[in-house]
Amino acid sequence: MLNNLFPNVRPRRLRKNKTVRDLVSETKLLKSKLIQPLFVSESISDKQPLDSMPGQFLFSKDSLIIEIEQLLNLGIKTIALFPNIPESLKDAVGANALDEKNFMCKLVSEIKARYPEIVLITDVALDPYTTSGHDGIIKNDVVDNDLTLEALEKMAVNLAQAGSDIVAPSDMMDGRIGVIRTALEQSGNKDTILLSYSAKYSSNFYGPFRDAVGSKKAEGISKSSYQMDKRNLEEAMKEAELDLKEGADILMVKPGMPYLDVINKLSSNLSAPIFAYQVSGEYTMLQQAIDKKIFEHNVIPETLISLFRAGSSSVITYYAKWVAENYDDIS
Ligand code: PBG
């Protein structure tokens with residue numbers, strides 16, 4: 001008995017074979033849209049595997065340069081750098097973050113001098129530099145917004161001056177995009193791109209990252225006093241609109257896969273590129289299942305495609321290198 005929709009509608013016609021499926025596919029996974037995060041420490045002499053992120057490393061300076069060269073050869077041209085700062089350089093206010101001759105500033109200049117074609121993203125937040133592990137300065141038992149802004153402003157200018165193409169405040173202080181944008185303009189860095197972690201949720205998926213950068217402690221005060229509440233979607237729009245008004249060029253949603261609705265809402269409603277961050281916990285979850293042969297590697301492109309389908313313009317993922325090594329451009 002023929003269904004009365006036939007012959008007009010048979011969606012399976014367009015799934016006939018790969019060539020046809022490719023012709024009608026709506027989303028592309030391109031390596032030009034993937035950004036590799038890398039962890040680096042000045043106090044080690046070779047790369048060290050990260051226990052909580054199997055397959056990822058904490059790089060020494062020299063091993064980082066080798067890794068970057070490999071990434072560029074593979075076609076991954078954008079890198080987000082995160083430092084692991086030795087305890088001896090941390091203090092209550094994260095003073096080392098403001099030193100224009102600190103490890104990160106020197107590293108950024110060196111990388112840009114060697115590989116001018118690279119696009120370097122540096123993180124603007126105090127957590128790797130504070131003994132508390134918080135993204136800001138504590139005063140009267142709170143992470144003080146305005147005090148922290150003064151530090152972030154200086155940190156962002158230093159990183160821009162050193163040659164970062166993109167500075168990325170990930171701290172979630174109110175008003176930081178505005179003060180950083182003004183400071184960049186006034187310091188002659190008017191073309192530095194400002195990527196705001198607009199909708200950065202207070203997430204339990206950041207644990208492995210905190211191990212990697214050594215910011216695990218964050219005791220007492222909760223990061224929920226500045227990062228976004230998991231239950232809120234409308235508030236992400238508010239944060240995003242504020243950031244655009246204050247001068248952000250690109251907005252980020254983080255984590256990625258548990259927050260596809262946020263990516264979708266922001267990208268549907270705003271005329272700015274929305275990036276997604278597939279964070280450390282998402283990586284570790286997948287990688288452990290892959291290592292145990294519970295999943296095959298093909299879950300990796302599936303997760304990335306879901307982020308693009310939701311509306312991401314680009315994705316920061318610990319799998320950028322892996323994708324470039326294993327596929328040309330997949331779709
Ligand atoms: C902090 C920062 C975090 C991440 C990026 N920047 C962690 C945090 O807020 O504690 C997490 C990234 C990841 O989990 O991969 N400035």
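In this text the structure is predicted, and so the values were computed from the model without any measurement. When a residue number appears, it is its place in the shown sequence, counting from 1. Numbering of ligands and ligand atoms starts at 1, following listing order.
One side chain, Tyr115 or Glu69, offers a donor N or O that lies under 3.5 Å from an acceptor on the other.
Comment: Asp127 does not engage Arg210 in a salt bridge, judged by the lack of any side-chain N to carboxylate O separation of less than 4.0 angstrom. Residues Lys47 and Asp62 are not paired through a salt bridge, judged by the lack of any N-O separation under 4.0 Å between the basic side chain and the carboxylate. Ion pairing between a basic and an acidic side chain is recognised when a charged N comes within 4.0 Å of a carboxylate O; Glu42 and Lys106 show no such pairing. Using a cutoff of 4.0 Å between basic side-chain nitrogens and carboxylate oxygens, Lys265 and Glu234 are scored as salt-bridged. Of the charged side-chain nitrogens involved, at least one lies within less than 4.0 Å of a carboxylate oxygen, so that Lys90 and Glu87 count as a salt-bridged pair.
Ligand 1 places these atoms under 4.0 Å from at least one heavy atom of Gln227: 8 (C), 9 (O). Near Asp123, meaning under 4.0 Å from one of its heavy atoms, ligand 1 places the atoms 6 (N), 16 (N). Heavy-atom contacts of Ala125 reach the following atoms of ligand 1: 16 (N) (cutoff under 4.0 Å). If you number the atoms of ligand 1 from 1 as listed, the ones under 4.0 Å from a heavy atom of Lys223 come out as 8 (C), 9 (O), 10 (O).
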**Study point:** Audit row: Glu110, Lys61, salt bridge (charged side-chain N to carboxylate O under 4.0 Å, His left out) steps and yes/no
**Key:** CA-CA 10 Å; Glu110 197 175 321; Lys61 202 187 94 180; 3.0 Å; yes

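Nearest protein neighbour of atom 1 (C) of ligand 1, counting heavy atoms only, is Asp127 OD2, 3.0 Å. The protein non-hydrogen atom at the shortest distance from atom 12 (C) of ligand 1 is Phe209 CD1, 3.2 Å. Given atom 16 (N) of ligand 1, the protein heavy atom at minimum distance is Ser170 OG, 2.7 Å. Atom 2 (C) of ligand 1 has its closest protein heavy atom at Lys200 NZ, 3.1 Å. Closest to atom 10 (O) of ligand 1, if we only count protein heavy atoms, is Arg210 NE, 2.5 Å. Atom 14 (O) of ligand 1 has as its closest protein heavy atom Ser280 OG, 2.7 Å. When hydrogens are left out, the protein atom nearest atom 6 (N) of ligand 1 is Lys254 NZ, 3.2 Å; that is the closest non-hydrogen contact.
The closest approach between Glu282 and ligand 1 stays at or above 4.0 Å for every heavy atom of the residue. Ligand 1 lies less than 4.0 angstrom from a heavy atom belonging to Tyr277. Under a 4.0 angstrom heavy-atom cut-off, Tyr318 registers as being in contact with ligand 1. Not a single heavy atom of Gln278 sits less than 4.0 Å from an atom of ligand 1.
Partner Gln278 forms a side chain to side chain contact (heavy atoms under 4.5 Å, CB included) with one of Ile300, Ile316, Leu286 and no other, that one being Leu286.
Two rings, from Phe39 and Phe59, have their centers 6.0 Å or more apart. Residues Trp322 and Tyr283 place their aromatic rings such that the two centres sit no closer than 6.0 Å.
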